[in-house]
Structures are given as structure tokens and as C-alpha cells.
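Take a look at the structure set out below.
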Protein chains: 2
Amino acid sequence: MVNKVKFERENVVRVASQLFWEKGFHATSTRDLQEAVNMRPGSIYSAFGSKEGLYSESLKDYTVQMKSQIDGFLSSSDTTLGGLRAFVENVVIKNKDCSPSAICMLVKANNEFADKNSSLYELSLDLAAKFEGYLTVLFEQAIAKNELSDKLTAIEYARFFQIQFTGLRGYFNRPGVELLAQPMINQMFALMKNL
Amino acid sequence: MVNKVKFERENVVRVASQLFWEKGFHATSTRDLQEAVNMRPGSIYSAFGSKEGLYSESLKDYTVQMKSQIDGFLSSSDTTLGGLRAFVENVVIKNKDCSPSAICMLVKANNEFADKNSSLYELSLDLAAKFEGYLTVLFEQAIAKNELSDKLTAIEYARFFQIQFTGLRGYFNRPGVELLAQPMINQMFALMKNL
DNA sequence: TTTTAACTTGAACAGTCGCTCAAAATCAAA
DNA sequence: TTTGATTTTGAGCGACTGTTCAAGTTAAAA
């Protein structure tokens, strides 16, 4: 090795991820990114190949961060459902200010890329499928621990959770409805236990 | 009056609406629009003022169309809930091919405009609030007709409906899950009746 | 038939886009 | 200290962006 890379790849991806999450792919220019990560175009392009390449790595990193955030809530909660609930409450209620958007970046990606043949659309599908798999494992545990009945399968609970969660995040992505969030989350988990 | 406008404003807005709905605001160029509506830039700009102006009129027209589509299903159904169910089934299951996107254009707009001070973001909030009001009237009728219990208020039903509907449209905006749509819609309406 | 205001046209503007690449800077190994 | 592969720099490329406006077209009114 003759010369080391100066920047810290992880930090760059994380900063880019925040910007892409907030503004979306098309509304984020490469000059926005250059300023945010403090790199010149040549360095960015030698490290990530293209704007799409950097977005791709940003979206992958987003899902890794989200999963490890959930794992954190799970390990400081007695029950699987309690951990999931803490995560939902944190996303929908607590960090509305420090988070770039109330909407999941994966959902935003899936909504933005209309061309079903584009590689970024396919990536969003792939990451969403993997996240559903991750959730399914969690719901398998919840069923095994008798936190949920076994009338539904784990993947059915995972689907229900995603639909509720996405719906809630969309609805609370607006001003003036903050007080409704907690009751709606309570309702979501109450419904899930009675499915 | 010395000379009439050559194009039909309604048609132009409808075509532009489809394009904006499919690709989003930022990914749709004025040249895309020129080709789609078969107008030269000068005509578009004298009629709509700007790309934002045309988008604004397109989004308003979208909500008008959506409401009149719901009204259509309502008038060919015995019950209010039946009409709403037919609308949901039509959007989520039937016309996935002919519709530019499974996702509501209002939701897409709300997701795309990150700058909370932009006039298009505010427009999306305003139209969403009006649509919630429209739904609330429908649920008032459903309660009055004893299709739903009066344990919840009409606006609470309206909120529940929007969250479920948005969640479903997001989840079914992907290939391979078509068979799950009908059971999930059944579940949504079963849950609503037991709230 | 002429006039005239309204409408349409499309070349072109200034700015921004994603991206390239020759030159400068860097630093472990020799 | 010199070497030389690697990384960083930033001016700038060609394409595309939203938009303008002078010139051309249209058709009702005079």
C-alpha cells in the first residue's frame, strides 16, 4: 500500500444517506453531495463510481442502521413486541426533528423510481424483501414466546406490521397531528394482538 | 375575444397529471411534458406560468378525479362502506396496469417535497386535509346508517381508513404479492367494523 | 378585405446537471 | 532522500434544465 484513503467511507455514506433520505434521489445534486461530504467530484467518483453508486450504498447503509436500531430497542426490552413498539414510538413520535424525514427511506425509494427496470428500483425491492424477512424472524420469536397467538403466521404478522407502520409514518408526516400519534400506535398494537 | 385557445385545458392537465403522478415532479422535465401534451413551451408557460403552476393544477385535478371516482362507486353501491370497499379494491387490485402508480399522487407529493416551506408541499397538505374532510362526511353517513358503530367519531374512522389505505397501496406497489391483496382488504374492513 | 388582439411557435438563453481527467499532492517502501 | 503507486483536486466538458420572447399564425371584428 502506497497511500491511504483520506476520508472515512462509513461517515461519507452516512452523510450522503441523510441527504438522499431528505431530498430524494432526483432532487439531490452531485454538488449538494460534494458540499455535504466535503469531497471533490473526482474523489467521489473514484470511490463510488456514480451518483447511483453512492445512492445505492446509502440505501443499503440505511437498512443496516434501521435494523441495528431495532436490535437496540429489542435488547433493552423484555418482550419482542415491546421492543418493536419502542422503535415505532421513537420513529413516529420522538425524533421527528433530528430525522431527515418521517417517511422510511426505503418507502421513499420505492415511490420515487417509477421505471420498474431501473436498478435502484430493483434494489429497493430487494432491500424491502430482506427487511420483511428480518421482521418475520422477530415475529417468529414473538409467537414462540406467546406474545402473539399462532392464528397468523410470522410472515402475516410481518406484513400487517409493515402496512400499519408505513401508513402511520405517512399520516404523521405533517404538522398538527402530534397528539394523535400515541393513541394510534396503541391501537396498532392492540389490533395486532387480536388478529 | 379575438382568438380562442386551441388546446383543451382539461385534457392537457389530465395528461400532465398522469406523467407527474408516474415520475414525480423532479424527474419530469418540461420537455417530457411538451411531448406528452403536444404543446410548445411558449403555450404551456402562457397558460400555466411555470412547471410548478402546471404541477399545481395537475395535483388539484387529481384529487377532483379521485373524489368523483369514489362518488361513482358510492352511487352504484347499496352502502357507503360497500362503495369505499369497491374503490379500494379497484385501486389496489384491478387497475394496477392502467394506473401510472399504485401510490396515491397526493402521498407521492407529500413525500417528494422535503422543503416544508415550498408552496407545492403546502398544497399537498391542503389537498390532503380537504380529502380527509370529504372522507369524514362519508363516515358520518356510514355511522348514521348504522354501517359502523358510533364508538369512534367520523374523523377517527377517516384517519383509520387513510392509514390503512396508504399502507396497503405502498405494500402492493411491488410484484409478486397480488394474491394477498383481497384478503388484506377484507381484513382492513373487518378491523374497521370492530373498532 | 383589412385590422388587430390573442394565441402558437421554436430558437435560444443562462444556469445547472452528472461526470471526466490531467495535474498536483500524498506517503509507505526502497 | 528518492521513488512511484495511489489519492485528491478543480477546471471544465457536453448535455440538459426551466424559461423567455421576437416572429409567425389565426380568426373575430371592423
Side-chain angles (χ1 to χ4, degrees), chain A residues 1-59 109 112-115 117-121 123, chain B residues 1-59 109 112-115 117-121 123:
Chain A
M1 188 193 318
V2 179
N3 196 5
K4 284 187 181 174
V5 187
K6 302 288 186 316
F7 63 91
E8 301 198 5
R9 194 176 180 93
E10 274 202 356
N11 272 334
V12 168
V13 170
R14 205 144 303 160
V15 170
S17 184
Q18 297 275 310
L19 203 60
F20 276 132
W21 184 6
E22 182 188 348
K23 308 181 61 168
F25 177 79
H26 290 100
T28 305
S29 74
T30 53
R31 279 157 182 91
D32 291 338
L33 291 164
Q34 288 162 34
E35 197 176 351
V37 306
N38 193 30
M39 285 170 71
R40 267 30 72 199
S43 294
I44 295 178
Y45 277 81
S46 87
F48 301 101
S50 66
K51 186 189 174 185
E52 280 205 19
L54 178 53
Y55 184 91
S56 167
E57 218 164 301
S58 298
L59 192 61
E112 180 168 10
F113 302 114
D115 178 7
N117 292 3
S118 89
S119 63
L120 291 182
Y121 175 74
L123 177 66
Chain B
M1 187 193 323
V2 178
N3 196 6
K4 283 187 182 175
V5 189
K6 301 288 187 316
F7 62 91
E8 301 198 6
R9 194 176 179 93
E10 275 202 357
N11 272 335
V12 168
V13 170
R14 205 144 302 160
V15 169
S17 184
Q18 298 275 311
L19 202 58
F20 276 133
W21 183 7
E22 180 188 347
K23 307 182 64 169
F25 178 78
H26 290 100
T28 305
S29 75
T30 52
R31 277 154 182 90
D32 291 338
L33 291 162
Q34 287 162 34
E35 197 176 351
V37 306
N38 192 31
M39 285 169 72
R40 267 32 70 199
S43 294
I44 294 179
Y45 276 78
S46 88
F48 302 100
S50 65
K51 186 188 174 188
E52 280 204 22
L54 178 51
Y55 183 90
S56 167
E57 216 162 306
S58 299
L59 192 61
E112 180 167 11
F113 301 114
D115 178 7
N117 293 0
S118 89
S119 63
L120 291 182
Y121 174 74
L123 177 66

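Here is the naming used below: chain letters follow the sequence lines, and residue numbers restart at 1 for every chain. All figures in this text were calculated on a predicted structure; none of them were measured in a lab.
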- Query: Does the side chain of B:V12 come within less than 4.5 Å of B:F48's, by heavy atoms?
  - Reply: yes
Under the salt bridge (Lys or Arg N to Asp or Glu O under 4.0 Å) rule, collect the residues that match up with [X], sequence neighbours excluded.
X: B:R40; value: none
X: B:R31; value: none
X: A:K51; value: none
X: A:D115; value: none

- Aromatic plane relationship, B:H26 with B:F113 - under 30° parallel, 30 to 60° tilted, over 60° perpendicular: tilted
- Of B:I44 and A:Q34, the one whose closest DNA chain C nucleotide lies more 5': B:I44
Quickly work out the [X] [atom1] to [N] [atom2] distance and round it to whole Å.
X: B:R40; N: C:dT9; atom1: CZ; atom2: P; answer: 5 Å
X: B:R9; N: C:dC7; atom1: CZ; atom2: C1'; answer: 14 Å
X: B:K51; N: C:dT16; atom1: NZ; atom2: C1'; answer: 13 Å
X: B:L54; N: D:dT19; atom1: CG; atom2: P; answer: 11 Å
X: A:M39; N: C:dC19; atom1: CE; atom2: P; answer: 14 Å
X: A:E8; N: D:dT7; atom1: CD; atom2: P; answer: 16 Å
X: B:L33; N: D:dT19; atom1: CG; atom2: P; answer: 11 Å
X: A:F48; N: C:dT20; atom1: CZ; atom2: C1'; answer: 18 Å

- Query: What residues in residues 18-31 of chain B put a non-hydrogen atom under 4.0 Å from any atom of DNA chain D?
  - Reply: B:T28, B:S29, B:T30, B:R31
- Message: With a 4.0 Å limit, can you tell me whether A:Y45 has a side-chain N or O closer than that to the phosphate oxygens OP1/OP2 of C:dC19?
- Response: yes
Shortest side-chain distance from [X], nucleotide among [options]:
X: B:S43; options: D:dT20, C:dT20, C:dT9; value: C:dT9
X: A:S46; options: C:dT20, D:dT8, C:dG10; value: D:dT8
X: B:S50; options: D:dT9, D:dT19, C:dT9; value: D:dT19

- Message: I'd like to check the ring pair (Phe, Tyr, Trp, His ring centres under 6.0 Å) partners of A:Y121; sequence neighbours left out, ordered by chain and number.
- Response: none
